[in-house]
Every structure is written in structure tokens, then in C-alpha cells.
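One structure is given here, and the rest of the page talks about it.
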Number of protein chains: 2
Amino acid sequence: MRRSNLALVLRHLGARGSRSRAGIAADTGLNKATVSSLVAELVDRGLVREGEPHRAGAVGRPGKDVALDGRCVGGIGVEVNVDYLTAVVLDLTSTVLFEQRVALDVPSLPPEDVLDAVAGLTSRAIRECERRDVLPVGVTVAIPALVDVAAGVVAFAPNLRWRDVPVVRGLADRLTGPLAEHPMPIRVANDANLAALGEHAMGGVAGTADLVHLTGGMGVGAGVISGGRLLGGAEGFSGEVGHIQLDPAGHECGCGRRGCWETLVGMAGMLRLAADADDPVSDPALGLDQRLDMIRCRAETGDRRTLDALERVGAGLGVGAAILINFVNPRAVVLGGYFACLGPYLLGPMRAELRARVIAPDIGGCRVELSTLGFAAASRGGANAALEAVFDDPAIVPIRSAARVSATGSG
Amino acid sequence: MRRSNLALVLRHLGARGSRSRAGIAADTGLNKATVSSLVAELVDRGLVREGEPHRAGAVGRPGKDVALDGRCVGGIGVEVNVDYLTAVVLDLTSTVLFEQRVALDVPSLPPEDVLDAVAGLTSRAIRECERRDVLPVGVTVAIPALVDVAAGVVAFAPNLRWRDVPVVRGLADRLTGPLAEHPMPIRVANDANLAALGEHAMGGVAGTADLVHLTGGMGVGAGVISGGRLLGGAEGFSGEVGHIQLDPAGHECGCGRRGCWETLVGMAGMLRLAADADDPVSDPALGLDQRLDMIRCRAETGDRRTLDALERVGAGLGVGAAILINFVNPRAVVLGGYFACLGPYLLGPMRAELRARVIAPDIGGCRVELSTLGFAAASRGGANAALEAVFDDPAIVPIRSAARVSATGSG
DNA sequence: CCGGTTAGTCGGTCGGATCAACGAATCGCG
DNA sequence: CGCGATTCGTTGATCCGACCGACTAACCGG
């Protein structure tokens with residue numbers, strides 16, 4: 001019970017921002033004395049800090065604000081993608097403490113080599129935590145794949161050419177040293193799911209309890225937050241929306257069928273619409289980032305062909321998103337990945353299509369927004385997922401007695 | 001804390017069936033003494049009963065099983081549909097205490113008249129509760145409509161020709177008498193959503209935490225249970241899957257577009273495939289039940305035309321359901337409404353289509369099953385939703401001291 | 001009849017939430 | 001400047017309720 005009350009107070013501070021003890025008591029319904037005791041314990045654990053003596057304005061004794069103190073714990077998020085790895089460390093306030101990106105041609109390497117690289121990056125993140133005297137509380141790996149979350153196994157990742165790769169076990173085996181010093185859970189999840197979690201935790205729609213996040217890459221991935229919780233599915237295989245067949249007479253798809261959503265709005269489909277085969281944009285030797293930049297440039301200069309292509313992609317987004325919105329009625333749809341880069345050109349036609357196709361009046365009260373995290377959403381989501389452990393049970397963070405300045409904390 | 005522990009024990013008994021106090025303690029991690037005290041309180045509240053002295057078989061003193069005792073509380077579920085109203089009272093063990101169906105041509109009546117009839121049926125259900133000395137704990141109305149659950153308003157119900165009907169308020173106004181005696185919450189929700197809840201609570205897939213329920217009627221409705229909770233959406237507008245456009249070149253739909261899912265698998269679409277306009281089955285003067293019976297008869301006698309039609313409907317079910325399964329990765333898809341009647345003829349082609357279209361290996365571990373509740377699922381789900389209040393907080397049921405036999409209970 | 005084993009209850013203990021009252025800090029006002 | 005009013009946070013007393021150990025109850029097999 002103590003635990004759940006500690007969690008209640010910590011969550012409240014995280015969600016609603018800092019406030020006085022009396023304010024917390026009023027909001028949560030707990031007793032003032034109880035809140036005082038809980039806050040004291042959270043301070044001892046380094047999770048919470050006493051802030052400014054509230055600027056006086058009203059009558060009465062001004063309270064001292066209590067605020068989340070990130071500096072004691074860190075969540076680690078790692079993203080494995082087709083051509084890079086990213087690791088990020090976030091503190092409790094979702095501030096970035098460390099971020100590193102490594103180029104890596106994942107599909108051309110055996111999974112073991114990739115796991116070596118992931119382990120290297122992760123231990124660098126852990127060392128950075130140690131250097132800052134921050135307790136690492138968990139690692140979450142985001143992968144564009146069907147992930148069996150419970151087993152910690154990547155079942156199938158066509159873009160990486162992986163099948164049945166035991167990521168959690170592989171990583172744990174490679175990190176025995178750091179893990180012995182800082183025991184913490186390792187998890188794997190689908191990147192689109194984690195991106196949704198990232199937007200929910202710290203994006204432009206932070207705090208929205210019901211949202212759908214669409215990640216635009218070579219394919220399209222979806223993540224759903226419903227009632228404030230990630231919809232993971234029975235096996236963790238949720239969010240596979242790329243092969244929704246919008247038009248049986250459409251363009252051929254890698255899956256063998258025609259007219260899948262991603263043939264219309266995936267990066268390849270967008271490029272096909274925007275440029276002929278002999279156009280420099282279609283040169284596969286260039287990186288995707290560069291080709292994307294070229295497209296944006298052309299759009300900005302008003303190139304007709306490009307604008308038409310983006311309009312069709314936007315409309316395609318609307319057609320597919322309408323299906324999802326009708327199904328789960330989110331409060332917001334967030335466009336991430338490459339959609340975010342080209343957002344201004346996609347939003348108009350997408351919204352028009354939604355207005356026409358969503359059954360509920362006024363698109364069911366659903367907003368369409370661009371991701372503020374962009375390609376970083378998945379790793380942020382992973383780090384936040386790791387931090388959830390602290391919000392669930394603040395008592396996992398040890399008490400550092402009274403000493404505030406402890407350079408080489410032994411706890 | 002006491003409350004949450006009471007709820008914990010009651011939920012456990014509901015989900016896992018009756019067992020001894022020691023068994024409950026072992027399962028929940030609570031102390032034996034604590035469980036004894038909690039069970040005693042639940043017995044006082046009439047929610048739980050001491051059963052048979054466990055048939056001895058092993059060594060040691062045999063424990064006395066504790067079981068859910070339904071007989072003290074009742075949840076009321078009311079369904080409003082195109083041509084009938086249904087009310088049902090379920091006790092805590094999901095046993096039917098009362099069930100009544102009234103024919104009513106809803107679209108031809110003003111909503112006020114329909115609400116009068118609903119109120120009449122509901123108060124009959126409440127009187128039945130009184131007669132049995134059962135405490136009614138809530139009313140949930142299931143309606144085939146876009147329902148703003150929070151506001152208790154039907155936003156839009158094309159089949160009923162309703163728009164912005166304040167059902168909760170209307171019903172509360174008409175039930176002031178009974179409600180004064182038994183204060184209880186009234187709620188409205190979408191019928192497909194509640195049907196999913198019904199299957200989850202007491203259907204063939206009872207206890208499955210992640211499932212999708214498809215209701216086949218004139219349209220198609222979906223309900224999603226994810227992580228054991230109903231996915232209601234931000235405004236309660238979830239489950240509108242009937243107008244997923246499977247083929248832009250398909251048959252015309254009432255919504256103005258072509259090739260919507262319900263043109264393929266809705267009852268009208270099925271009948272169109274199975275019979276020409278001059279066929280007796282196509283006679284709109286007959287009730288839907290009768291026409292459905294005729295179709296089933298023909299299928300049973302091996303009529304080629306009918307079997308071909310049902311095969312196409314089954315395949316269409318698979319095409320649409322694949323989209324939903326890829327999106328939310330349920331453990332089971334339950335076919336309800338008219339799909340359940342014709343299930344044997346639909347399942348084969350549906351499963352074949354799913355195997356081809358679901359991305360996750362082995363259909364993501366998703367089973368396809370026929371509803372065991374059929375058309376009753378929505379009202380059962382509503383009654384169960386009302387009973388949730390008791391499982392959430394058993395303390396809402398008053399203590400009836402020691403007296404067991406109280407004909408006219410004043411509590 | 002007696003040890004062995006498991007079920008349920010009883011009295012004591014203790015963690016921790018609540019309550020009431022008090023000291024602390026600020027404002028408005030005379 | 002002093003005083004009441006007001007709100008904040010803490011302190012000591014109280015009490016609820018979960019936990020623990022020990023006991024009795026009820027069955028088994030020999």
C-alpha cells in the first residue's frame with residue numbers, strides 16, 4: 001500500500017507537474033500528513049526535490065513546490081534500424097542525458113554481430129549513467145519487427161532479414177558485467193509501438209490517453225495508446241498496418257498482393273510517385289535522408305510533380321488512417337518518421353480524406369498532428385518504457401540516506 | 001486498501017472459480033488470516049458463500065470451498081435494436097435471473113416513445129430484482145450507434161434514425177421512482193462493444209484478455225477487448241468497421257462509397273449474393289430471422305448457389321478481419337450476430353483468407369470462434385458491465401447482518 | 001489411538017494512513 | 001509595526017487492517 005501511494009504521488013508529479021504538498025493532498029485525496037511522509041521518502045530516494053518557495057500571490061503561507069528530480073535514475077532506449085543504431089538515456093523528467101547514433105548496415109550482417117554492436121552501445125550508455133552517478137533502471141530495444149514481447153524474441157523482421165532472434169537473451173549474455181553491477185530488466189518491442197509510447201510520454205500530444213502513432217519508413221507501422229496504455233496485443237504483434245489492402249487493382253507490393261497501404265504511402269511508393277526512374281532522387285545509392293531532403297526542397301520550391309505526389313500520399317494516408325480511426329476512435333493521430341518531415345504537404349489532403357471517411361461526426365474529435373520527436377520517437381519511447389518501472393514502484397530506487405553530494409555513490 | 005483486497009478476492013473467485021481460503025491465500029499472496037477476514041466480510045455482504053466441505057482425497061484437513069454467491073446482486077442489461085428491445089438481469093455468477101424481449105419497430109417511433117418502452121422494460125427488470133430480494137447495481141443500455149459514453153448520449157444511429165438522443169438522462173428521468181429506492185448508475189454503450197464484453201465475461205472465450213468480436217447484422221460492428229479491458233476509444237466511438245473500403249470497384253454502399261466491408265458481409269450483401277430479387281428469400285416482408293433460417297436450410301441441403309454465396313461472405317470476413325488482426329493482434333476473433341448462425345459455412349474460407357493475409361506467423365496465434373451467446377451477447381455484456389461495479393468495489397453492497405432469510409429486505 | 005498433514009481461527013504486533021492540533025510563513029489592515 | 005486571517009507543513013495520538021506465530025479442527029494412514 002505504501003508502494004502504491006508512493007507511485008501515486010510520483011505519477012501525479014510526473015503527469016501534472018510540480019506542486020505543493022497541500023496541492024498533492026487535495027488532488028489525490030490523500031491526507032496532508034501522508035503526503036508529507038511520502039514526499040520525504042521520495043526525496044530520500046532522490047526521485048523528488050523541494051523547489052522554490054512558491055511565489056506568493058494569495059493569502060496564507062506559501063507552499064514549497066515539490067518537483068520530479070530526474071538526476072538519480074536513467075532509462076535506456078536503444079533502436080535498431082535498417083542502417084543505424086541509436087541509444088539514448090533519459091532521466092525521470094524525460095531529459096536527454098546521453099544520445100549516440102552509429103551507422104550500421106544491419107541487413108548485411110549476421111544478427112550476432114548486430115547484437116555485439118547493440119551491446120557495445122548499451123554498455124556505453126550504462127557507463128555514462130555511472131559517470132553521472134545515475135542509476136540505470138532498464139533497457140528497451142526498439143526493432144522494426146514482429147516482436148514476441150513476452151519471450152523477448154524477434155520473430156520476423158523482413159527489413160533486417162531476421163527471423164527468430166532471441167534479442168533479450170543475446171543482449172543479457174553480452175552484458176553480464178554491467179548487469180551484475182546494475183541488475184535491470186531488458187526488453188524488446190516493436191519500434192512503432194514504442195514510438196507511440198514516446199509520443200504519449202513526451203511528444204506534442206503528451207498525456208493524451210488515446211492516440212495512434214503512424215511511423216513512415218519503407219513501410220508503415222502503427223502504435224496504439226488506449227486508455228493511457230500501450231495496446232501490445234496478445235503476442236506483441238500489434239500495429240502491422242502496412243499491408244492493409246486499399247485497392248486490389250493497385251500497385252504491386254512486396255507481400256505479393258496489390259494496393260497495400262505501404263505501396264501508396266511508404267517511402268518507396270512516395271518516391272515512385274514523385275520521380276521517374278532516371279531522376280536523381282530515385283538513385284538508390286543516395287541515402288534515404290538525402291533523397292528525402294531533395295523531395296522537401298522541391299516541394300518548397302513549388303515543383304508541381306512533387307506537390308502532386310505528396311498530395312496523393314497525403315490522401316492515401318487519410319484513406320488508411322480513416323480505417324484505424326473508425327476502429328479505435330483515438331483522440332489524436334500522430335504522424336512520425338518521414339511523414340513528419342513532409343507533414344505540411346500531407347496534412348491537408350489527409351484531413352480532407354478523413355472528413356469524408358470517418359463515420360463519427362467531426363472525425364470523432366480526433367486531431368491529426370505531426371510528431372515532435374520524429375525519427376527519435378522509438379528510442380525515446382523505449383527509454384520511457386524502462387522508466388515506467390520507477391513510476392510503478394519507486395521503492396526499487398535505493399535510499400541514499402542524507403548525503404546529497406556523493407561522487408561515487410555505492411548504492 | 002481493505003476495499004482493493006476485497007475486490008481482489010472477489011475477482012479471483014469470479015475468474016478462477018471457487019476454492020478454499022487457503023487456496024485463495026496461496027494464489028493471491030495474501031495471508032491466510034487476512035483472507036479469512038475478507039471472506040467473512042464478503043459473506044456478510046452476501047456476495048460469497050461457503051460451499052461443500054471439499055471432497056477429501058489428499059491428506060490433511062479438507063478445506064471448505066468458498067464460491068461466488070450470485071443471489072444478492074443483479075446487473076441489468078438492456079438492448080435496443082432495430083425491431084426489438086431486450087432486458088436481462090444477471091446475477092454475480094452470470095446466471096440469467098430474468099429475460100424479456102419485446103418487439104418494437106424502433107425506427108418508426110420517436111426516440112421519446114422508445115425510451116418510454118425501455119424505461120418500462122427496465123422497471124420490470126428492477127421489480128423482478130425486488131421480488132427476488134436482489135439488489136440491482138446498475139443498468140447498461142446497448143445500442144447500435146455511435147455512443148458518447150461519457151455524456152450518455154447516442155450521437156448517431158442510422159439504423160434507428162436517431163441523432164443526439166440523451167439516453168441516460170431520458171431514462172433517469174423516467175425511472176425516478178425505482179432509482180430513488182435503488183440508486184444505481186445508468187450507462188449507454190455501443191452494442192458491438194458490449195457484445196465483446198459479454199463474450200469476454202461469459203462466452204466461449206471467457207477470460208481471454210485480447211479478443212475482437214464481430215457482430216453481423218445489417219452492418220458489421222466490432223468490439224475489442226485488450227489487456228482484459230474494453231477499448232472504448234476517446235469518445236466511445238470505437239468499433240466502426242463496417243465501412244472499411246475493401247474494393248473501390250466493389251458494390252455500392254449506403255455510405256456513398258463502393259466496396260465497403262458491409263456490402264460484402266452485411267446481411268443485405270449476403271442475401272444479395274445468395275438469392276435473386278425474385279427469390280422468396282429476398283422478400284423484405286419476411287423478418288430477418290425467417291430469411292436467415294431459409295438460407296441455413298438451403299445450405300444444409302447443399303444448395304450450390306447458397307454455398308457459393310456463403311463461401312464468398314466467409315472470404316470477405318477473412319479479408320476484413322485480417323486488417324483488424326494485423327492491427328491489434330488478438331488472441332481470438334469471435335463471430336457473433338448472424339455470423340454465428342451460419343458459422344460452419346463461413347469459417348473455412350475465412351480462415352484460409354486469414355492464413356494468407358495475416359502477417360504474423362500462424363495468424364499471430366489468433367483463434368477464430370463462433371459466438372456462444374449469439375444475438376444475446378450485447379445485453380449480457382451490458383449486464384456484466386453493470387456488475388463490474390461490484391467487482392470493483394464489493395463494499396457498495398450493504399451488509400445484511402446475520403439474518404439469511406429476509407423476504408422484504410430493507411437494505 | 002496416534003502421529004502426520006493441511007485448514008482455518010485467535011491474539012499480538014506493527015506498518016502506515018488519518019486526525020487534530022500546533023508552529024510557520026505570508027498577506028491585509030489598522 | 002503589530003495583529004488577525006489564512007494557508008502550509010509537521011508532530012503526536014489513534015486506529016485500521018495486514019501479517020505472524022501458535023493453536024485448534026478435521027481428515028489421513030497405520
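When reading the values below, keep in mind they use all heavy atoms of this one structure, side chains included, and skip hydrogens, waters and symmetry mates. Each chain gets a letter, A, B and so on, in the order its sequence line appears, and its residues count up from 1.
Below the 3.5 angstrom threshold, one finds no donor paired with an acceptor across the side chain of R61(A) and the base of dA25(C).
Nucleic acid contact class of A33(B) (heavy atoms, under 4.0 Å, all strands): base.
Rounded to whole Å, the distance from CD1 on I24(A) to C1' on dG9(D) is 12 Å. Here the C1' atom of nucleotide dT10(D) and the CG atom of L30(A) are 17 Å apart, to the nearest Å. The distance between atom CG of L38(B) and atom P of dG17(D), rounded to the nearest whole Å, is 10 Å. Separating the NZ atom of K32(A) from the P atom of dT18(C) is a distance of 13 Å, rounded to the nearest angstrom. In this structure, E41(B) atom CD and dT9(C) atom C1' are separated by 17 Å, rounded to whole Å. If you measure from atom CE of M1(B) to atom P of dA17(C), you get 9 Å, rounded to the nearest angstrom. Rounded to an integer number of Å, the gap from E50(B) CD to dG8(C) P is 8 Å.
Between the two ends of the helix from dC1(C)-dG30(D) to dC22(C)-dG9(D), each summarised by a five-pair axis, the helix axis turns through 20° (rounded to 10 degrees).
Listed in residue order, the members of residues 3-21 of chain B having a heavy atom less than 4.0 Å from DNA chain D are N5(B).
Residues E41(A) and R3(A) are not paired through a salt bridge, judged by the lack of any N-O separation under 4.0 Å between the basic side chain and the carboxylate.
Looking at I76(B) and F98(B), their side chains never come closer than 4.5 Å, going by heavy atoms from C-beta outward. Looking at I186(A) and L179(A), their side chains come closer than 4.5 Å, going by heavy atoms from C-beta outward. E181(B) is not listed as a side-chain neighbour of I126(B), based on a closest heavy-atom distance of 4.5 Å or more. For the pair E199(B) and T372(B), the minimum side-chain heavy-atom distance is below 4.5 Å.
For A22(A), whose side chain is taken as the heavy atoms from C-beta onward, the closest listed nucleotide among dG9(D), dG17(D), dA7(C) is dG9(D). The listed nucleotides are dC19(D), dC19(C), dT26(C); the one nearest the side chain of N31(A) is dC19(C). When distances are taken from the side chain of S36(A) to each of dG9(D), dT6(C), dT11(D), the shortest belongs to dG9(D). Checking dT26(C), dA18(D), dA17(C) against every side-chain atom of T34(A), the shortest atom distance belongs to dA17(C).
Taken from CZ in R49(A) to CG in L68(A), the straight-line distance is 9.0 Å, to the nearest 0.5 Å. Atoms OG and CZ, on S37(A) and R2(A) in that order, are 3.5 Å from each other to the nearest 0.5 Å.
Not one side-chain nitrogen or oxygen of R2(A) sits closer than 4.0 Å to the OP1 or OP2 atom of dG15(C).
Within 6.0 Å of the CZ atom in R367(B), the count of heavy atoms belonging to other residues, nucleotides or ligands exceeds 12.
With hydrogens and angles disregarded, no donor-acceptor distance shorter than 3.5 Å links the side chain of R16(B) to the backbone of D27(B).
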